[in-house]
Amino acid sequence: MASSLSEKEPISAPTTPVSAPTIVADTTVKIPASATSDSGEDPLAHLTPEEAAIVRRQLDIPEVKLTYFTLFRYATTNDKILIVCACIASIIAGAVMPLMTVVFGELAGVFQDFALGTITPAHMQSEVNRFTIYFIYMAIGEFVMVYFETVAFIYCGEHMGQKIREQYLAAILRQNVAFFDKLGAGEITTRITADTNLIQEGISEKIGLTLTALATFFTAFIIGFIKSWKLTLILCSTVVAITLIMGVGSTFMVKYNKQSLASYAEGGTVVEEVFSSIRNTTAFSTQEKLAKMYDEHLRVAEKWGMKMKMSLAVMLGFMMCIVYLNYGLAFWQGSRFLVTGDTNLSAILTVLLAVLIGAFSLGNVAPNIQAFGTAVAAAAKIFSTIDRVSPLDPASDEGAKLPEVQGTIELRNIKHIYPSRPEVEVIKNMNVVIPAGKVTALVGASGSGKSTIIGLVERFYDPVGGQVLLDGHDISTLNLRWLRENISLVSQEPVLFGTTIYGNVCHGLIGTKYENASEEEKRDLVVKACIMSNADGFIRTLPEGYETNVGERGFLMSGGQKQRIAIARAIVSDPKILLLDEATSALDTRSEGVVQAALDAASKGRTTIVIAHRLSTIKTADNIIVMMNGEIVESGTHDALLERRAAYYNLVEAQRISAANDSAALAVGGSDDEGEIDDDEKLKLTLTRASTKGGAPVDPEDLELGNKLGRTGTAKSKSSVALANRTAEKKPQYSLWTLIKLTAGFNKTEKFYMAVGLFFSVIAGGGYPTQAVFFSKSIVALSQPPSNYGQLRKDANFWSLMYLMLALVQLLAYLCQGIAFALCSERLVRRVRDRAFRTILRQEIGYFDREENSTGALTSFLSTETTHLSGISGVTLGTLLIVSTTLIAAISVSCAVGWKLALVCTATIPILLSCGFLRFWMLLRFQQRSKKAYESSASFACEATAAIRTVASLTREQDVWDIYHAQLKAQAKKSLVSIISSSSLYAASQSLMFLCIALGFWYGGTLMKTHEYDMQKFFLVFAAIIFGAQSAGTIFSFAPDMGKARAAASELKALFDRVPEIDTWSEDGAPCESMEGAVEFRDVHFRYPTRPEQPVLRGLDLTVKPGQYVALVGPSGCGKSTTIALIERFYNPLAGGVFVDGKEISSLKINDYRKHIALVSQEPTLYQGTIRENILLGGAREEIPDEEVVAACKAANIYDFIMSLPEGFSTVCGSKGALLSGGQKQRIAIARALIRNPKILLLDEATSALDSESEKVVQAALDAAAKGRTTIAVAHRLSTIQKADVIYVFDAGRVVEAGTHSELLGKKGKYFELVNMQSLGKNE
């Protein structure tokens, strides 16, 4: 009964939210999010009102009422003055644009008068000069205003953004731990990185852009109404049409884009799960099945993506159509007003251009308004955290500070509930006294409330009932920061921060009297603490000693080394109270001995509370408290509890190892038959035996570390020779043509669509030059003298109809072009993603070990690089065709009509093009710059919040904030310089256009004065080139980024071309239909590709007969798991060979070979999907009947549990199997391994992550599974492998002893020593 209880027990309180964000996130999903949930059911209903209030207080987040102006909460007076000035500047900048239309209209009027002969050439020249100077004034004004407002807004935005970030981090560091249990580390990361960027976007240059656009709109219409109110009113219809089209178009685009992203995100989850468990995927050859799963998601995403791109095409098409219709309407209606004498030519032109400019400027407001909305939404969460009053605020100065701490801790009538899981009562009415200066140990199954006690003593949580007393004072009346300064905590997964070893240990001095001591004093304390925690030895062997940075080189430290630095950090301040939460559980026996010795020394003379799963570590405690389900079952010393033969005795029995002879003396003199060792690997294996000379034992990893970092040696080992002959992988360089061919290859089947798209692109490009002809013809038609009014109406009607024709042709062209390319690009992205995913799965395991190929990096590579690729596909080609057609047609038509003016105007094309392009490009740059800028400081803040318990227990809050503040300050200085330079480019792009127009008019006027040109020639050339180039520049900005596309394409090409060393796609090798299961290693040498300086296997010899159960044991880092990896052929050995049934495995066909092997690893991986699907992933054949699934589950001892679930085999496992307990996941993984009916079963520490209860169940399943097949098991806990046929003892990469359990005990060697380290016999 007990076992089934502990199985169904909810996931035990996550002691470190850092290591288990998934669990935290999941528990929050299952529970109504806040204490008062929407479902009407209050999860706290079963508590008394007082208790419920305590839980609520720890979770509640205040609702903050936000308006847009709340975002400016942290603006200083200077900021406010700057913002007001910038607002005025942007309004002026907006008004300048439409004023240009007035000058343009007036100039056209002057030309008309001249053509009709009403003014003299000299008068005309002076008018042209006057208006040209107006254009120059406008250009200067625009430049100054735009420059000032851009700099001012971005500067203030950065400034306020920095304040918000600092306030937010300060607020986060003040919060109580329950707040984080509910949030999960990921959410804070998002807020500090993404959400603060969103706020900053909403309060910087976007305001200026919006004001400018609005000012343009209003000015344009005011001018229009002054010049000709009737015509302006009629043309207002275009504004409505354009706004509607942009509005409707963008809603559809946003809607479809959301759905596309959502379905892609689901695909992303699959990818993330697969890459994070790549060994599993490879071992079970499930690549094909998983790729199909991924493709399902891609198919959906493709559908929505296509819809989105099509809506964009429809939007663009209709916009172009309306612009041309607007011209037609203006000339047709204008001609009627002109005949009745209501208006004149210059007014018609002014109104026409003003309305167009006004309408388009309004279109620019919508996306910015959205940014303001997003900013307010993002701020709501951030400000609600800033305003939240933490119930346990370490920053406050309230509460008493005791003058003297004895260290007696008492828990009185404690009842505790985790706020994130209110339905589980973790501790029930508990009374404990922990005497000062003594060691008290807490033991019990996982989830029995051990870690909770530590959380209550540190005051991470408030209990819902009872009191925690320190020296008779209720800790809730004491100052929180002071309390934590007097308590030191060493947790299961030690968190070190990205600084030097010395810096890390110094963190322990924060808040003590030594905090501001001199450097010498501090260094002295640090060294003392490290000597005491047994770390000084290995630190001294490092080249940089105490100045070694652990952040980037964390991988150089093994678990035991990190743990000892954490212990030094805990004891450096000489705390009165030391809390050890499973401080050695993550270590193997030998490192554990070293760390345990350090802890025993550290706990002398202070109150110590120890939690341990491994009972051997707490035999010497002054008092052992046994807990079950939140209650104390019994307490006493080790020996006294054993005599009682109750709960503790049973726990010990579960871990007891049947020692062959009880009488064996514990003092052991080990035999040093290490065998010969290559010169350069002389790992001074003079390992002090645990019992000699009373000194602390030495951790082998320390010696290795010294060796690793400074090694001399003459003789080369086989590994180093093999490594020297390897060639490094080079990043190939590809030409642009190769990359274009690659991209085109993915669109082979869409040749027809591509052709259609390109054809219509050419037609779309011809629109502007055609329009220029119509424009000049219309102006000439309208400038006839009153005597010709009949003809004037006829001409005007004809050209207006031509505009109608042009509008419809352009609509058709943009629609066809857009839709054709939408199809091509979406199919391209999907095919590329699918192929990239399959290709990544094809790579050997060594590829995934590399730092640049971490799960996160590969997942984001799949989502982002593939989308960038569309930048060299048909879409870009289409855009380029439109632009080049426009320009070529414009230049050729103009040169044919009037080459002089044409050449002068052509000279301005580069400027106009770059203005159109720069305008959009700079705006993008501004956004990306602010994102980039905060990446490093954000990652620092995330490091701190992810380790919030460590930060809180070290009272490092102020320290973290100071560093963050300094980083942001430096960042602000840097970015100010970049703003000042880049804003000038943006301002230039807005103002240079005026100068180009001025040049065209001035030179055109000069040519007309001499009667070389008439009005038609001038307007045709001018409109074709200047307006053509402007529109071309704008279209450019729609083109996907080509630089990114090229980079993405070469990355993908490199990936597709990479042939892995161990290739699952290859058909080479002898087929392997059946297998006996004999395994043999012959003199195998191996080093991991990512750590070539570290020898792992050095001449390993090992034989396994068919059907044998073989166990591999030894300290961590001795090559046990590596052996398993080599049998699976995840890697190839550097020298020597692995043979199965006498054949070298690299000569066999890899997929055939792996069919006969199954692997159960330490961390079982389950994918999203049902239990049945997860088990079937193990199957080597396509169709597997249900009987086999049931049989496999029965063998794995999980069948009854699955049947007890409401949905049985169809139960969904949740992401990474988060809804099942460790033991359940592990047994499903065993069932998955058994369904293959493997000849060789590999068990890599299959039970190490479980507590004693679950371990028994899983172990029974494994023992059953091993019958009748070759089984190779790796184990840390020796009790699990006593029954093995042969036990191989590894040390430093080779076998040192072999035999059965009792033979090896008789040898009194390495194995005997390992057993005694773990044995739990009575203290003798």
Side-chain angles (χ1 to χ4, degrees), residues 279-287 1062 1064 1069-1082 1084 1100 1102-1112 1120-1133 1137-1161 1164 1175-1185 1187-1189 1191-1197 1227 1229-1246 1261-1275 1281 1283-1288:
R279 285 180 157 75
N280 226 29
T281 312
T282 313
F284 286 108
S285 311
T286 47
Q287 291 97 332
I1062 301 170
T1064 51
C1072 170
E1073 290 307 317
S1074 61
M1075 189 185 283
E1076 290 293 306
V1079 181
E1080 188 185 356
F1081 277 65
R1082 295 186 196 158
V1084 172
L1100 175 69
L1102 178 89
T1103 359
V1104 181
K1105 298 195 181 70
Q1108 258 186 341
Y1109 186 103
V1110 172
L1112 314 177
K1120 307 183 299 285
S1121 298
T1122 309
T1123 311
I1124 297 276
L1126 288 176
I1127 297 177
E1128 269 285 5
R1129 204 170 161 220
F1130 288 158
Y1131 306 95
N1132 286 333
V1138 181
F1139 295 83
V1140 168
D1141 294 351
K1143 297 199 268 282
E1144 224 249 311
I1145 59 173
S1146 56
S1147 67
L1148 300 172
K1149 198 157 122 189
I1150 181 89
N1151 289 332
D1152 276 9
Y1153 168 67
R1154 283 194 184 136
K1155 270 186 192 143
H1156 301 291
I1157 303 181
L1159 168 70
V1160 179
S1161 56
I1175 293 175
L1176 285 178
L1177 277 177
R1181 311 187 305 285
E1182 278 306 302
E1183 292 300 313
I1184 294 178
E1187 295 79 70
E1188 287 188 37
V1189 178
C1193 291
K1194 282 187 171 151
N1197 200 348
R1227 292 189 329 239
I1230 295 170
R1232 178 171 61 195
L1234 294 182
I1235 197 137
R1236 287 176 94 80
N1237 194 7
K1239 277 283 170 285
I1240 300 178
L1241 179 63
L1242 306 174
L1243 307 174
D1244 189 356
E1245 299 204 27
L1262 288 175
D1263 292 344
K1267 293 200 175 69
R1269 46 176 68 98
T1270 310
T1271 307
I1272 301 176
V1274 170
I1281 47 111
K1283 304 191 184 68
D1285 300 325
V1286 185
I1287 296 172
Y1288 283 101

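- For the pair Q287 and T1064, the tightest heavy-atom approach, listed with the atom from each and the gap, is NE2-CG2, 3.7 Å.
- No side-chain heavy atom of T1122 sits under 4.5 Å from any side-chain heavy atom of Y1131.
- Across every non-hydrogen atom of I1272 and I1124, the tightest pair is O-CD1, 3.9 Å.
- Between atom CE of residue M1075 and atom NZ of residue K1155 there is a gap of 11.5 Å, rounded to the nearest 0.5 Å.
- Looking at L1159 and F1130, their side chains come closer than 4.5 Å, going by heavy atoms from C-beta outward.
- With hydrogens and angles ignored, the 3.5 Å screen pairs no side-chain donor or acceptor of Y1153 with any backbone N or O of S1147.
- Annotation: side chain to side chain donor-acceptor pair (under 3.5 Å) contacts of N1237 (sequence neighbours excluded): R1269.
- Pairing each heavy atom of L1234 with each of A1195, the nearest pair is CD1-CB, 3.7 Å.
- For the atom pair K1267 NZ and L1241 CG, the distance stands at 12.5 Å (nearest 0.5 Å).
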Verdict with reasoning, I1240 to H1156, per side-chain contact (heavy atoms from CB on, under 4.5 Å): CA-CA 6 Å; I1240 300 178; H1156 301 291; over 6 Å; no

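- Put simply, the side chain of R1232 never gets that close to the backbone of L1177: no donor and acceptor are under 3.5 Å apart.
- Put simply, the side chain of R279 does not reach to within 4.5 Å of the side chain of S1161, judged on heavy atoms.
- Heavy-atom minimum distance, V1084 versus P1133: CG1-CB, 3.6 Å.
- Checked options V1286, L1102, D1244; the residue passing with L1112 is L1102 (criterion: side-chain contact (heavy atoms from CB on, under 4.5 Å)).
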Does T1270 form a side-chain contact (heavy atoms from CB on, under 4.5 Å) with K1239? I'd like the steps, not just the answer. CA-CA 6 Å; T1270 310; K1239 277 283 170 285; 5.9 Å; no

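- Counting only heavy atoms from C-beta outward, the side chains of F1139 and R1082 approach each other to under 4.5 Å.
- Distance check, rounded to the nearest 0.5 Å: CD1 of I1062 to CZ of R1129 gives 5.0 Å.
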Mind running side-chain contact (heavy atoms from CB on, under 4.5 Å) on F1081 and L1126 for me, showing each step along the way? CA-CA 10 Å; F1081 277 65; L1126 288 176; 4.1 Å; yes

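- When all heavy atoms of A1158 and F284 are compared, the pair lying nearest together is CB-CE2, 4.3 Å.
- Taking CD1 from I1184 and CD1 from I1235, the interatomic distance works out to 4.5 Å, rounded to the nearest 0.5 Å.
- Remark: E1144 pairs with S1146 by the side chain to side chain donor-acceptor pair (under 3.5 Å) rule, at least two apart or across chains.
- Among the candidates V1160, V1274, I1281, the single residue satisfying the side-chain contact (heavy atoms from CB on, under 4.5 Å) test with L1243 is V1160.
- A distance of 11.5 Å separates CG of N1151 from SG of C1072, quoted to the nearest 0.5 Å.
- Using a distance-only test at 3.5 Å, with no hydrogens or angles considered, no donor-acceptor pair links the side chain of D1285 to the main chain of V1110.
- One finds the OG atom of S1121 at 11.0 Å from the CG atom of L1242 (value rounded to the nearest 0.5 Å).
- Using a distance-only test at 3.5 Å, with no hydrogens or angles considered, a donor-acceptor pair links the side chain of R1236 to the main chain of R1154.
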Test E1128 against T282 for side-chain contact (heavy atoms from CB on, under 4.5 Å), laying out the working first. CA-CA 9 Å; E1128 269 285 5; T282 313; over 6 Å; no

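- Here the closest non-hydrogen pair linking I1127 and I1145 is O-CD1, 4.0 Å.
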